[in-house]
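Working notes for the structure below.
Counting starts at 1 for both ligands and their atoms, in listed order.
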Amino acid sequence: MILLPALNPSEWTGPTGNNTYLLPGNPSILIDAGVGHPDHVDAIARALDGSSLNLVLLTHGHKDHAAGVPALVARWPDVQVRGGAAGRLHDGDAFENPGVRLSALYTPGHAPDHFCFVDTQSRDIYCGDLARAGGTITIPASKGGNLREYLDSLRLIKAMNPPRLLPAHGVVIDHPQLVLDEYLAHRAQREEQVRAALSAGHTTPDEIVAWIYPRLSTALHAAARESVLAHLTKIREDDEMSEPL
Ligand SMILES: [Zn+2]
């Protein structure tokens, strides 16, 4: 496996931008496309050492993972693309070359089309935007994110007890259980805060954000609002499910 940064640095994507992972061989497989930065495409070509890129697997359709597809198709016209807007990806789909065998794992929550790819030999998991070292994952509730599904996906990955998570942002996670436990605890704590805000009579996302984070900068307000909205949706779904029939 060769980690090739997509060279789209930002506050959200990290100092070298998204991670893409090249699995050389026949077929050669690239996990996530990046954004089509010419130096990234050149780095892929160099790592392939004259052979073609055969298959791109997208963890999901967000721009920073998928916008590079046209640049890859322009360079390698026969490349196949699965996942994201290209679709054609199903839970359990297998992909292999002489070096690796991957199994697609449907893990919605951060995005409705989110997949992880499990290396069935090492049991490492290419986890896309399910987790990242040293930070949390946003659940864009107004754009298809679903916190209840996200927590189910975290628990699914935790139960598989992978030795490593290979995320789309940040460094490789060598202690997945710790990170996943932290994520689950963080969300449980936030849910308690949102429920407390509701009990105190605050009902709109903006009121709840103001109550939970009284000194929040305006730059972070939109992200906090999405997070609160994701919790409100989950709380409503949970309450509907627990109502007697
Ligand atoms: Zn994403």
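- Legend: protein N/O/S atoms lying under 2.8 Å from the Zn ion (ligand 1), waters omitted, number 4.
- For His40, the ring-ring contact (aromatic ring centres under 6.0 Å, His included) test picks out no residue, with sequence neighbours left out.
- Considering only residues two or more places apart in sequence or on other chains, Arg132 meets the side chain to side chain contact (heavy atoms under 4.5 Å, CB included) condition with Ile137, His169, Tyr183.
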> Checking side chain to side chain contact (heavy atoms under 4.5 Å, CB included) for the pair Val118/Leu102: CA distance, chi angles, key distance, verdict?
Replying inline: CA-CA 5 Å; Val118 182; Leu102 299 174; over 6 Å; no

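- Annotation: Glu192, atom CD; neighbour count of heavy atoms from other residues, nucleotides and ligands within 6.0 Å does not exceed 12.
- Proximity of a side-chain donor or acceptor of Arg187 to a complementary backbone N or O of His231 within less than 3.5 Å is not detected.
- Under the salt bridge (Lys or Arg N to Asp or Glu O under 4.0 Å) criterion, Glu191 pairs with Arg195, Lys234, sequence neighbours left out.
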